[in-house]
S.K.: 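The following block contains the structure, expressed as structure tokens.
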Amino acid sequence: MEKEVKDNRLYWDGCDTVQLAEKYGTPLFVYSEGELIGRFDELRRDFVEKYENTRVAYAAKAFFPLAMAKLVEDCGMCVDVVSGGELYTAVKAGFPAERIEFNGNNKSREELELAVEYGIGRIIIDSLQELALIEDVCREKGRTMKVLFRITPGVKSSTHDYIVTGKKDSKFGIPLDDDVILPQLKAAIESEYVELYGLHFHVGSQLLDNVSHLQALDILLDLVTKVRDQLGYEMKELNLGGGFGVTYVDEKRPPYSYFLDPMMEKIEGYYSQKGLPRPNVVIEPGRSVAAEAGITLYTVGSIKEIKGVRKYVSVDGGMTDNIRPALYQAEYTGVLANRAQEAANDVVTICGKCCESGDILIRDLSVPKPAAGDVFAIYSTGAYGYSMASNYNKNTIPAVVFVRDGKDRLVVRRQTYDDMIANEII
Ligand code: LLP
């Protein structure tokens, strides 16, 4: 997202962020709708329209209030949900059932019932117990379901260990041992309740190189061959997951084509060499759609200088609206939104207000000497910030505003104290 500064203030999609902070209060998530739509346009241009029989299932886990669900739907995308709650949100936003796909390593019977009743497009099977459970639910409801199997490709990715998902020692996916995966696939092929569609992998998240995607794809194609040779079955769909990295501080976000073109080349090469039609190809980007579109606005409060050690600048949010620095040592950058053109003459550590020493948002950032009441903006908080927000210390969940071409609209109201204790019984 282009950073626009006017009259010493940060603007976001044409809106004055200082005015937004005054109007809606802080902490506040602000998303550029233009940027969100722009990412879907890029995906359409560089994937869906470039290659036939492809689709994008936006990974709802990155950011999925109702307004985002509606935007994803309006942009013609599919959605990848991982819980009954995400499924419910998609349904409430009017998402057509056939464009919903369901991932997750421990889907409950209730969640699967909801999925089967609604008649969603795909379920991605992620455990050895799931096929039988889906068949049972389908039998009970008199329905059938299209399924894929998520495999554990056993590749290592260069990202934080907590967001690696494709290595062998992972809770996700079906292990690749022949005596484990082949009987599962055979049972699905023979089942009268499910229709086997294909195979799925997701190697990890915030990846800035394409190495592990390509390695996983080789492994997936080996399995496609094995299933053809041993079970006489041709896969109809390959799902390559998400994981495409973004800019947080000074990393360069690779274009989608950097990941997708070599993967498509490999897939098309494989099928043309076999003289077979290429199956559908699906991707599930989350972060790369939502992260850079969003910023968080905070108000600066207390400032503590420990001479010769560090200057702590506290803001009115923290790990409750952005757990990523505490959980993954994720790095961010930001600016004083009301003093965006002033020279940096101070080095500070931006910390949250939670009762945790680890509640630090940014270390050693150069800024103009901050004062209480300044508005501090952190960039690239659009993915996995709001969606992982918590009520720790009974802080309320911030509001979310969409901005576009100078206009703002509230899409999530700030949680009130009464909302927060609504389910509590005395
Ligand atoms: N598909 C599947 C099956 C996934 O497990 C994930 C992410 C995605 C797609 C989307 O990946 P993305 O394009 O967003 O990288 N909370 C962590 C990220 C966890 C991602 C888990 N799975 C974070 O804040 O970094």
Side-chain angles (χ1 to χ4, degrees), residues 36 39-40 42-43 47 55-64 68 72 77-83 86 100-107 122-127 130 148-153 157-167 170-174 198-210 212-213 216 220 238-248 251 253-254 256 258-260 263 281-294 296 319 321-332 361 378 380-390:
L36 292 169
R39 286 299 153 96
F40 286 131
E42 197 180 327
L43 284 162
F47 187 57
R55 57 176 204 278
V56 173
Y58 167 71
K61 60 177 78 78
F63 173 64
F64 204 56
M68 181 64 181
V72 178
M77 301 289 144
C78 299
V79 67
D80 148 34
V81 300
V82 291
S83 67
E86 288 184 357
I100 305 177
E101 329 209 342
F102 196 178
N103 266 293
N105 68 302
N106 187 25
K107 303 176 193 81
R122 307 279 188 276
I123 294 180
I124 293 113
I125 296 179
D126 197 319
S127 78
E130 194 174 333
L148 286 84
F149 280 83
R150 176 173 180 171
I151 59 160
T152 318
S157 313
S158 40
T159 188
H160 191 280
D161 205 41
Y162 287 5
I163 52 178
V164 167
T165 46
K167 63 178 183 176
S170 167
K171 72 172 184 167
F172 297 106
I174 314 280
L199 298 172
H200 172 291
F201 69 73
H202 172 77
V203 279
S205 206
Q206 181 54 9
L207 300 176
L208 296 165
D209 71 65
N210 59 17
S212 55
H213 279 92
L220 188 93
L238 306 178
N239 186 321
L240 315 176
F244 319 118
V246 301
T247 305
Y248 281 103
E251 319 84 325
R253 176 176 81 95
Y256 284 116
Y258 165 74
F259 292 96
L260 300 176
M263 286 203 281
V281 181
V282 186
I283 55 167
E284 297 172 337
R287 183 193 317 267
S288 57
V289 172
E292 292 174 30
T296 313
M319 64 192 296
D321 55 76
N322 187 359
I323 188 79
R324 301 193 69 259
L327 196 54
Y328 318 116
Q329 293 78 52
E331 291 183 3
Y332 287 84
L361 293 169
I378 300 193
S380 270
T381 57
Y384 304 109
Y386 176 75
S387 65
M388 294 173 85
S390 79

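Counting from 1, the numbers follow the sequence of the chain as shown. When reading the values below, keep in mind they use all heavy atoms of this one structure, side chains included, and skip hydrogens, waters and symmetry mates. In listed order, ligands and their atoms are each counted from 1.
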S.K.: Considering only heavy atoms, does Asp80 approach ligand 1 within less than 4.0 Å through its side chain, its backbone, both, or neither?
M.R.: side chain
S.K.: Can we say Glu42 and Arg253 salt-bridge, meaning some charged N sits less than 4.0 Å from an Asp/Glu carboxylate O?
M.R.: yes
S.K.: So is His200 polar-close to ligand 1, meaning N/O to N/O under 3.5 Å?
M.R.: no
S.K.: Taking non-hydrogen atoms only, is Arg324 closer than 4.0 angstrom to ligand 1 via side chain, backbone, both or neither?
M.R.: side chain
S.K.: Determine, stepwise, if the pair Ser127 / Asn105 fulfils side-chain contact (heavy atoms from CB on, under 4.5 Å).
M.R.: CA-CA 6 Å; Ser127 78; Asn105 68 302; 5.9 Å; no
S.K.: Evaluate Phe172 against His202 for side-chain contact (heavy atoms from CB on, under 4.5 Å), listing each step before the verdict.
M.R.: CA-CA 9 Å; Phe172 297 106; His202 172 77; over 6 Å; no
S.K.: Please confirm whether Gly243 comes under 4.0 Å of ligand 1, counting heavy atoms of the residue only.
M.R.: yes
S.K.: Of the side chain and backbone of Phe172, name the one, both, or neither that has a heavy atom under 4.0 Å from an atom of ligand 1.
M.R.: neither
S.K.: Report, in ascending order of atom number, the atoms of ligand 1 lying under 4.0 Å from any heavy atom of Gly242.
M.R.: 9 (C), 13 (O)
S.K.: Kindly confirm or rule out an N or O of Gly204 lying under 3.5 angstrom from an N or O of ligand 1.
M.R.: no
S.K.: Please could you name the atoms of ligand 1 that Met388 approaches to less than 4.0 Å, counting only its heavy atoms?
M.R.: 16 (N), 24 (O)
S.K.: Using a 4.0 Å heavy-atom cut-off, which part of Glu284 comes near ligand 1: side chain, backbone, both, or neither?
M.R.: both
S.K.: Please list, chain by chain and in numerical order, all residues satisfying ring-ring contact (aromatic ring centres under 6.0 Å, His included) with Phe64, sequence neighbours excluded.
M.R.: none
S.K.: What atoms of ligand 1 come closer than 4.0 angstrom to any heavy atom of Gly286?
M.R.: 12 (P), 13 (O), 14 (O)
S.K.: Which ligand 1 atoms does Arg150 reach within 4.0 Å, using its non-hydrogen atoms?
M.R.: 3 (C), 5 (O)
S.K.: Applying side-chain contact (heavy atoms from CB on, under 4.5 Å), run through Gln206 and Tyr248 and close with a yes or a no.
M.R.: CA-CA 10 Å; Gln206 181 54 9; Tyr248 281 103; 3.6 Å; yes
S.K.: So, is Asn103 polar-close to ligand 1, with some N/O to N/O distance under 3.5 Å?
M.R.: no
S.K.: Please determine whether any non-hydrogen atom of Ser288 lies less than 4.0 Å from an atom of ligand 1.
M.R.: no
S.K.: How does Pro285 reach ligand 1, if at all, at less than 4.0 Å between non-hydrogen atoms: by side chain, backbone, both, or neither?
M.R.: backbone
S.K.: Go through it in stages, so that I can follow the logic: the residues are Ser288 and Tyr256, the test is side chain to side chain donor-acceptor pair (under 3.5 Å), and I'd like the CA-CA distance, side-chain angles, deciding distance and then a yes or no.
M.R.: CA-CA 9 Å; Ser288 57; Tyr256 284 116; 2.7 Å; yes
S.K.: Do the non-hydrogen side-chain atoms of Leu260 and Ile283 ever get within less than 4.5 Å of each other?
M.R.: yes
S.K.: I'd like to know whether Lys61 forms a side-chain contact (heavy atoms from CB on, under 4.5 Å) with Asp80, so could you lay out the CA-CA distance, the side-chain angles of the two residues, the decisive distance to 0.1 Å, and finally the verdict.
M.R.: CA-CA 8 Å; Lys61 60 177 78 78; Asp80 148 34; 3.8 Å; yes
S.K.: Counting C-beta onward and ignoring hydrogens, is there a side-chain heavy-atom pair between Glu101 and Leu148 closer than 4.5 Å?
M.R.: no
